[in-house]
Amino acid sequence: MRTTTRGRRLPMMAAGAAGLALVLSACGGGSSTGGAGEAPAADALESADGVTTVNFWHSMDGTNGETLGKLIDEFNAANEGKIEVKGVYQGDYDSTITKYKAAVQSNSTPSMVQIYDIGTQFMIDSGAVLPTQAFIDRDEYDVSDLQPNIAGYYTIDEDLWSMPFNTSMPVLYYNKTLFEAAGLDPETAPETLDEVGEAAAALSKKNGGPAEFGFNAAIYGWLLEQEIAANGALYCSPDNGRSGERASDYSFNNDTAVEFVDWWKGLVADGVAGNTGRATADAQNAFKSGTIGMTLESTGALGGMQKAAEEQGFELGVGFYPKIEQNDSGPIIGGASLWISGEGHSDAEKEATWQFMQFLAEPATQATWHTGTGYFPISKAALDEPEDVAWREQYPQFDVAVQQLEGTELTAATQGCAAGSMPQARKAAEDALEGALLGGDSKTELTKSVDALKTEIENYNNSVQ
């Protein structure tokens, strides 16, 4: 879900936008919705000679990569002599999208590619992909089983452009053992920022509590996006780019954002929150050590968190992502989706890719993916698969994500910002958050980043008009 390249300063953005314009020009992107294209004939694969190869670029390594490899093997065995999927690991999300941009320019794109959530608008604008909606319309493919809040993120102008795949949500992780030692209810997770702050104060060593710090989280722009959405506000305007008009300005210096950053800054200043910097691993490891009371992280980290809790001898708790106040909104899904390349690929290859994409979306496949990785299933029916039911009975913490997703109303706020320069915006938000935590004024730091992005988003939009 997240990028791993951080710390790039704002003055470098103009060069990035110029390079992006060259890529989009080479791709042929130019309309407000990108180059749609049409799905091939449904019988395209039947007339192909020999085995049709699907080259699949992805960013799954470790356990996730092993689980994906098993699914690829299962699909290939079922389609022996007809389709062969070759999965190729391309590095982290940033590396994969960078390589895809280069492949577009050299006309060497893979059949299918996994791209992170914030790369959605760029992929549409590239003109290099076929929208999943084209195949859905052709086959009258039933999408009712797809989780609406997940499919909603990848839907622009009512078209589902890519098939969701690995999906996560942010949650509050807390150390139940430390909660009990501090006299807090270990079975009740804090639900608001104020409640997290109160718990952090009671947990912290500074106030005689059992934890080194009551709270700590990575300085990660994604968390700011989540808090804005969880309170029903917008990250960019108009309408987070979801109403048919391009996002033309960022608004993550709004009152919600300022209140969130002020809250976090206050915990650090009071000595009840740590500051481990931008590195995700550092924040996770601090919590896994058993010395931190609470942290904010993705559900994709739950497996590792649970393992660490068992090794360190503490009980892990999981709660909803905390809001400023209770409401019907909720956080945004994260992760990545699957895209079918268009130009330069045969009709048989496109059709074979679509067949593989459908296989990955099936309930049984998604149950295997969910239990093997911890990523949320895109299929509603996957949660009823015996494999999935038994797994969640063993690990009830995963049900928190299910309940949070089902309780979140799909709106422009919870769909997230669909802007082509979102990767740059996320890094700019991190600059602002870091500046505030180191003593800067929250509103000033956020506004400085928003203002610096005006040229970035304007250059991007001009490059696709």
Side-chain angles (χ1 to χ4, degrees), residues 6 170-175 178-179 181-185 188-233 235 251-280 282-284 286-287 291-297 317 319-327 329 331 426-450:
R6 297 188 182 178
V171 291
L172 174 77
Y173 290 98
Y174 68 102
N175 186 318
L178 291 178
F179 262 56
L184 301 171
D185 182 358
T188 303
E191 296 183 347
T192 66
L193 297 185
D194 284 346
E195 289 175 1
V196 172
E198 291 168 2
L203 287 159
S204 295
K205 179 176 67 175
K206 179 183 178 181
N207 298 324
E212 183 71 22
F213 291 104
F215 176 81
N216 181 71
I219 297 175
Y220 184 34
W222 188 59
L223 299 179
L224 178 63
E225 295 164 34
Q226 300 299 338
E227 190 64 33
I228 290 172
N231 291 281
Y235 191 85
S251 52
F252 60 80
N253 60 339
N254 54 39
D255 291 345
T256 296
V258 172
E259 186 167 351
F260 176 61
V261 177
D262 273 345
W263 166 83
W264 194 338
K265 176 183 175 181
L267 296 186
V268 173
D270 290 344
V272 300
N275 183 358
T276 49
R278 299 193 186 200
T280 300
D282 290 347
Q284 286 192 10
F287 182 79
T291 63
I292 302 295
M294 297 170 286
T295 192
L296 300 175
E297 249 298 349
F320 285 6
Y321 195 79
K323 306 174 182 180
I324 293 174
E325 58 184 24
Q326 291 300 323
N327 60 72
S329 194
R426 181 171 288 178
K427 292 179 176 66
E430 287 168 5
D431 289 340
L433 181 54
E434 184 173 56
L437 294 187
L438 292 176
D441 177 74
S442 300
K443 180 70 172 182
T444 300
E445 294 291 337
L446 289 166
T447 300
K448 183 167 61 177
S449 285
V450 166

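All figures in this text were calculated on a predicted structure; none of them were measured in a lab.
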Between the side chain of Asp270 and the main-chain N/O of Val272, is any donor-acceptor distance below 3.5 Å?
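Checked: no pair found.
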Examine distances only and state if a side-chain atom of Tyr321 and a backbone atom of Leu223 form a donor-acceptor pair shorter than 3.5 Å.
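Yes; at least one donor-acceptor contact below 3.5 Å.
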Spacing of [atom1] belonging to [X] relative to [atom2] belonging to [Y], to within rounding of 0.5 Å:
X      : Y      : atom1 : atom2 : value
Asp262 : Ser442 : CG    : OG    : 3.5 Å
Asn254 : Thr447 : CG    : OG1   : 10.0 Å
Ile228 : Phe260 : CD1   : CZ    : 9.0 Å
Glu227 : Tyr235 : CD    : OH    : 13.5 Å
Phe252 : Glu225 : CZ    : CD    : 9.0 Å
Tyr173 : Gln284 : OH    : CD    : 8.0 Å

Does Asp255 have more than 12 heavy atoms from other residues, nucleotides or ligands lying within 6.0 Å of its CG?
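Check fails, neighbour count at 12 or below.
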Does atom CD (Glu325) have a neighbourhood of more than 12 heavy atoms from anything else shown, all under 6.0 Å?
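Open: at most 12 neighbouring heavy atoms sit under 6.0 Å from CD of Glu325.
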Side chains of [X] and [Y], heavy atoms from C-beta outward: is any pair under 4.5 Å?
X      : Y      : result
Leu172 : Pro190 : yes
Leu433 : Trp264 : yes
Ile219 : Asn275 : yes
Val261 : Glu445 : no
Asp185 : Phe179 : no
Lys448 : Asn253 : no
Asn175 : Ile292 : no
Leu437 : Lys265 : yes

One thing to verify: whether Lys427 and Glu430 come together as a salt bridge, which I'm taking to mean a side-chain N less than 4.0 angstrom from a carboxylate O.
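Between Lys427 and Glu430 there is no salt bridge, as every charged N stays at least 4.0 Å from the carboxylate O atoms.
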[X] and [Y]: which non-hydrogen atoms are nearest, and at how many Å?
X      : Y      : result
Ala182 : Ala202 : CB-O, 3.8 Å
Ala283 : Ala217 : CB-C, 3.9 Å
Ala286 : Thr291 : O-OG1, 3.6 Å
Ile324 : Asn231 : N-OD1, 3.1 Å
Asn207 : Ala201 : ND2-O, 2.9 Å
Thr280 : Ala218 : CA-CB, 4.1 Å

Would you please classify the geometry between the Tyr220 ring and the Trp222 ring as parallel, tilted or perpendicular, with 30° and 60° separating the classes?
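Rings of Trp222 and Tyr220: tilted, as their planes differ by 30° to 60°.
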Does the side chain of Asn216 come under 3.5 Å of the side chain of Thr276 through a donor N or O and an acceptor N or O?
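Checked: Asn216/Thr276 side chains pair up, N/O donor to acceptor below 3.5 Å.
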With respect to Met294, which candidate in Phe213, Phe215, Phe287 satisfies the side-chain contact (heavy atoms from CB on, under 4.5 Å) definition?
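Only match with Met294 under side-chain contact (heavy atoms from CB on, under 4.5 Å): Phe215.
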